[in-house]
Amino acid sequence: MSLATFCTSCAGRLVHGGRHPVCSHCGRTHHRDPKVGVGVVVLDQAGRLLLVRRGVRPGKGLWALPAGFVDAGEDPRAAAARETREETGLLVEVGAVLDVYALPSVRGSHGGASFFLAFEATSVGGTLTAGDDAVEVGFFDVDELPELAFPSTRDAADRMRRRGAETGQ
Ligand SMILES: [Zn+2]
């Protein structure tokens, strides 16, 4: 998505260059809403991490947590469960927030998330099948992860592992 050119209130021309675009006609400041990404950290019985191979940019061809964008008005946990179902076929119960990651905006676009919530989640059913934006799906040993699309995936995996060590799992 490129920068807007015209004011959505009065169709005046927007002036870019400041923190936010401002309409040259009515003076309205146009705030850009951050996009919110959500994803899940799901471990199988053997402690392996659920990952999907991405079929879309950013990170196309690389592996990441099952994840996607929160729709307007959608509960973030419901969005995380929905994306997981769409990408992996698994039904999950979404638990606590593992962490929140701020993401730099992708140069020249707003195609990526502005921040990303990683949730702990537990698989409660479904059949493992790649779908939607995922071209492949699988569980991986956290010491032998495939090439990852985003640093947050590695960080979330490490957090889960430390948590497992603390609770003796
Ligand atoms: Zn205007």
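The structure displayed is predicted, hence computed values, not measured ones. Ligands are counted one by one from 1 in listed order, and the atoms in each one are counted from 1 as well.
- Side chain to side chain, Ser9 and Arg28 meet the donor-acceptor criterion of an N or O pair below 3.5 Å.
- Hydrophobic cluster membership for Leu62: none, as no Ile, Leu, Val, Met, Phe, Trp or Tyr side chain comes under 4.5 Å of it.
- Note that the OG1 atom of Thr153 and the CG atom of Leu49 stand 8.0 Å from one another [nearest 0.5 Å].
- Applying the side-chain hydrogen bond (donor to acceptor under 3.5 Å, both in side chains) rule to pairs touching residues 90-102 yields Asp99-Arg159, Tyr101-Asp155, sequence neighbours excluded.
- Between Leu50 and Leu90 there is a side-chain heavy-atom pair separated by less than 4.5 Å.
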Side-chain donor-acceptor pairs of residues 116-125 under 3.5 Å, sequence neighbours excluded:
residue: Glu120; atom: OE2; partner: Arg163; partner atom: NH1; Å: 2.1

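- Around the Zn ion (ligand 1), the protein N, O or S atoms found under 2.8 Å comprise Cys7 SG, Cys10 SG, Cys23 SG, Cys26 SG.
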